[in-house]
Asker: 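The following block contains the structure, expressed as structure tokens.
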Amino acid sequence: MTRMAVIDFETTGISPEQGARATEVAIVLVEQGRIVDRYQSLMNAGVRIPPFITQLTGISNAMVAGAPPAALVMREASHFVGEVPLVAHNASFDRKFWVGEMARAGEPAPQAFACTLLLARRLYPQAPNHKLGTLVDLHGLRRTGAAHRALADAEMAAELLLRMQHDLRQRYRLTTVDHPLLVTLQRCQRHEVHRLMAAHAQAA
DNA sequence: TGCCAGGCCCTCTTTAGGGCCTT
């Protein structure tokens with residue numbers, strides 16, 4: 001079983017500690033090399049969206065005013081994810097909002113996170129940069145919607161994750177690339193990637 | 001009104017500084 005849940009939040013700012021809240025969440029389930037399910041919802045956290053965020057994401061105060069309460073959306077998201085491990089691009093960002101919004105909703109958030117940004121820095125050091133859009137274009141992956149909307153960004157991150165799994169399977173002749181292996185890989189130093197993966201392939 | 005983060009990672013480093021990445 002190599003099921004993973006790729007998540008993306010749109011928010012009112014960078015830092016929950018500074019009062020930023022989520023405005024939209026999307027979660028894409030991937031399994032056996034493909035996307036198998038999706039969840040997406042705007043959410044109303046009762047805070048104003050700064051104008052430049054509306055310009056960036058297209059998500060307005062009016063849109064969020066008509067959305068379900070944040071706690072309800074997060075309970076649905078919790079049910080959708082279950083115990084499946086999570087993946088995000090720059091996961092330290094999405095993890096803060098996942099944990100913070102789940103706490104507000106009274107839900108546990110025990111899931112481990114893997115990070116496609118940290119993985120991309122190790123697997124594709126030649127990339128011009130490691131922004132999600134750049135990596136998607138670099139690999140000729142699908143863009144399914146407007147960037148900076150949660151579902152489109154989650155699907156792009158999912159396509160990138162699938163590409164990384166494919167590349168690792170090919171390079172090291174592996175049958176599966178699971179979440180614990182990705183977490184181990186993202187924590188190792190760049191110059192140790194090959195040695196670590198070769199040792200893993202040997203043991204597999 | 002004005003201000004605001006933090007972990008990773010490189011290097012002209014390690015008694016530090018600054019760019020990257022997310023909204």
Side-chain angles (χ1 to χ4, degrees), chain A residues 4-28 40-64 67 70 73-74 77 86-104 109 111-139 141 143 145-161 163-164 182-196:
Chain A
M4 300 183 206
V6 185
I7 187 166
D8 185 76
F9 279 104
E10 302 306 319
T11 72
T12 63
I14 290 295
S15 172
E17 289 82 2
Q18 299 294 323
R21 296 291 306 273
T23 57
E24 186 178 45
V25 62
I27 301 155
V28 174
Q40 178 271 329
S41 182
L42 289 164
M43 67 178 85
N44 185 353
V47 296
R48 299 291 295 176
I49 302 174
F52 84 95
I53 292 285
T54 296
Q55 195 163 26
L56 176 70
T57 65
I59 297 172
S60 66
N61 284 300
M63 291 165 67
V64 168
V73 172
M74 294 310 296
L86 289 160
V87 180
H89 196 70
N90 198 12
S92 65
F93 175 84
D94 292 282
R95 186 198 301 116
K96 285 188 297 188
F97 284 93
W98 178 255
V99 170
E101 295 291 349
M102 283 300 181
R104 288 173 179 274
Q111 299 83 357
F113 273 78
C115 178
T116 51
L117 169 61
L118 297 182
L119 290 165
R121 284 176 175 162
R122 286 157 178 76
L123 299 182
Y124 312 122
Q126 79 287 359
N129 61 59
H130 297 90
K131 295 178 183 177
L132 180 58
T134 300
L135 293 165
V136 164
D137 291 341
L138 181 69
H139 293 295
L141 304 176
R143 283 176 179 268
H148 296 298
R149 286 300 298 267
L151 185 57
D153 283 3
E155 288 187 336
M156 285 198 294
E159 295 286 347
L160 177 60
L161 169 65
R163 173 62 187 243
M164 289 173 166
L182 294 177
V183 171
T184 301
L185 188 56
Q186 78 185 30
R187 286 175 178 163
C188 82
Q189 297 197 22
R190 182 186 291 177
H191 69 272
E192 292 179 333
V193 167
H194 181 72
R195 184 190 59 75
L196 185 149

Asker: Please name the residue in the list A/His89, A/Gln186, A/His130 that meets the side chain to side chain donor-acceptor pair (under 3.5 Å) test with A/Thr116.
Answerer: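 That would be A/His89.
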Asker: For B/dG19 versus B/dT15, give the span between their C1' atoms, rounded off to a whole number of Å.
Answerer: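 Comparing C1' positions in B/dG19 and B/dT15 gives a spacing of 22 Å.
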Asker: Taking atom P in both B/dT14 and B/dG18, what distance in whole Å separates the two?
Answerer: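 One P to the other, the span is 13 Å.
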Asker: How close or far is atom C1' of B/dT23 from atom CZ of A/Phe52, stated in whole angstroms?
Answerer: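 Between C1' of B/dT23 and CZ of A/Phe52: 7 Å.
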Asker: A/Thr12 near the nucleic acid: base, sugar-phosphate alone, or nothing, with a heavy-atom cut-off under 4.0 Å?
Answerer: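 Nothing, no heavy atom under 4.0 Å.
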Asker: Using every non-hydrogen atom in the two residues, find where A/Ala127 and A/Leu138 come nearest and quote the distance to one decimal.
Answerer: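 Reported closest heavy-atom pair: CB-CD2, 3.8 Å.
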Asker: Using the closest heavy atom to pick a nucleotide of DNA chain B for each, name whichever of A/Phe93 or A/Ile14 lands nearer the 5' end.
Answerer: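 Taking each residue's closest nucleotide, the earlier one in sequence belongs to A/Ile14.
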Asker: Whole Å only: how far is the CG atom of A/Asp94 from the P atom of B/dT22?
Answerer: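 It is 10 Å, rounded to the nearest whole Å.
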Asker: Categorize A/Glu10 for me: base, sugar-phosphate, or nothing, with a 4.0 angstrom heavy-atom threshold over every strand shown.
Answerer: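 Answer is sugar-phosphate: A/Glu10 comes under 4.0 Å of backbone atoms only.
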Asker: Round to the nearest Å and state the distance from A/Lys96 atom NZ to B/dG6 atom P.
Answerer: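 Going from A/Lys96 (NZ) to B/dG6 (P), I get 7 Å.
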Asker: What's the CZ-C1' distance between A/Arg122 and B/dC9, to the nearest Å?
Answerer: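 In whole Å, B/dC9 C1' and A/Arg122 CZ are 9 Å from each other.
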Asker: Do A/Arg143 and A/Glu159 sit within salt-bridge range, that is, some charged N less than 4.0 Å from a carboxylate O?
Answerer: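 Between A/Glu159 and A/Arg143 there is no salt bridge, as every charged N stays at least 4.0 Å from the carboxylate O atoms.
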Asker: If the test is side chain to side chain contact (heavy atoms under 4.5 Å, CB included), which one of A/Met63, A/Met43, A/His148, A/Glu10 qualifies with A/Glu24?
Answerer: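 Single side chain to side chain contact (heavy atoms under 4.5 Å, CB included) partner of A/Glu24 among A/Met63, A/Met43, A/His148, A/Glu10: A/Glu10.
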Asker: Whole Å only: how far is the CG atom of A/Leu160 from the C1' atom of B/dT22?
Answerer: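 These atoms are roughly 15 Å apart.
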Asker: Output yes when at least one side-chain N/O atom of A/Arg21 is less than 4.0 Å from OP1 or OP2 of B/dT23, else no.
Answerer: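 Negative; the distance criterion is not met.
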Asker: Distance between the C1' atoms of B/dT1 and B/dC8, in whole angstroms?
Answerer: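 These two C1' atoms come out 34 Å apart once rounded.
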Asker: Are any of A/Arg95's side-chain N or O atoms less than 4.0 Å away from OP1 or OP2 of B/dG7?
Answerer: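 False: A/Arg95 side-chain N/O out of range (4.0 Å or more) of B/dG7 OP1/OP2.
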Asker: Find the distance A/Gln55:CD to B/dT23:C1' and express it as a whole number of Å.
Answerer: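 Whole-Å distance recorded here is 14 Å.
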Asker: Give me the atom names and distance for the closest heavy-atom approach of A/Lys96 to A/Ser15.
Answerer: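 Closest approach of A/Lys96 to A/Ser15: NZ-CA, 4.5 Å.
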Asker: What class does the angle between the rings of A/Trp98 and A/Phe9 fall in, given that below 30° is parallel, 30 to 60° is tilted and above 60° is perpendicular?
Answerer: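 Ring orientation of A/Trp98 relative to A/Phe9: tilted.
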Asker: What integer number of Å spans the P atoms of B/dC20 and B/dC12?
Answerer: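 Taking atom P in both B/dC20 and B/dC12, they lie 16 Å apart.
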Asker: I need the minimum non-hydrogen distance between A/Leu151 and A/Val28, along with the two atoms involved.
Answerer: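 Where A/Leu151 meets A/Val28 most closely, the heavy atoms are CD1-CG2, 4.1 Å.
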Asker: Which heavy atom of A/Ile7 sits nearest to which heavy atom of A/Ala88, and what is that distance?
Answerer: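 Heavy-atom minimum between the residues: O-CB, 3.5 Å.
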Asker: What is the distance from CZ of A/Phe113 to P of B/dT22, rounded to the nearest Å?
Answerer: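 Rounded to whole Å, this separation is 16 Å.
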Asker: Can you give me the closest heavy-atom contact between A/Thr54 and A/Ile59, atom names plus distance?
Answerer: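 Taking every non-hydrogen atom into account, OG1-O, 3.0 Å.
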Asker: What interatomic distance, in whole Å, is found between P of B/dC21 and the corresponding atom of B/dG2?
Answerer: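 Pairwise P distance, B/dG2 against B/dC21, rounds to 31 Å.
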Asker: Pull out every protein N or O sitting under 3.5 Å from an N or O of nucleotides 11-14 of chain B, one pair per line with the distance.
Answerer:
none

Asker: Does A/Phe9 reach a base, just sugar-phosphate, or nothing at all? Heavy atoms under 4.0 Å.
Answerer: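 Sugar-phosphate contact only - A/Phe9 comes under 4.0 Å of backbone atoms but never of a base.
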Asker: Distance check, rounded to the nearest 0.5 Å: A/Leu123 atom CG versus A/Met164 atom CE?
Answerer: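 So the CG of A/Leu123 and the CE of A/Met164 are separated by 5.5 Å.
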Asker: Round to the nearest Å and state the distance from A/Arg187 atom CZ to B/dG7 atom C1'.
Answerer: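 After rounding, the reported distance stands at 13 Å.
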Asker: What nitrogen or oxygen pairs link the protein and nucleotides 19-21 of chain B at under 3.5 Å?
Answerer:
| from | atom 1 | to | atom 2 | distance (Å) |
| --- | --- | --- | --- | --- |
| B/dC21 | OP1 | A/His130 | N | 2.5 |
| B/dC21 | O2 | A/Asn90 | ND2 | 3.0 |

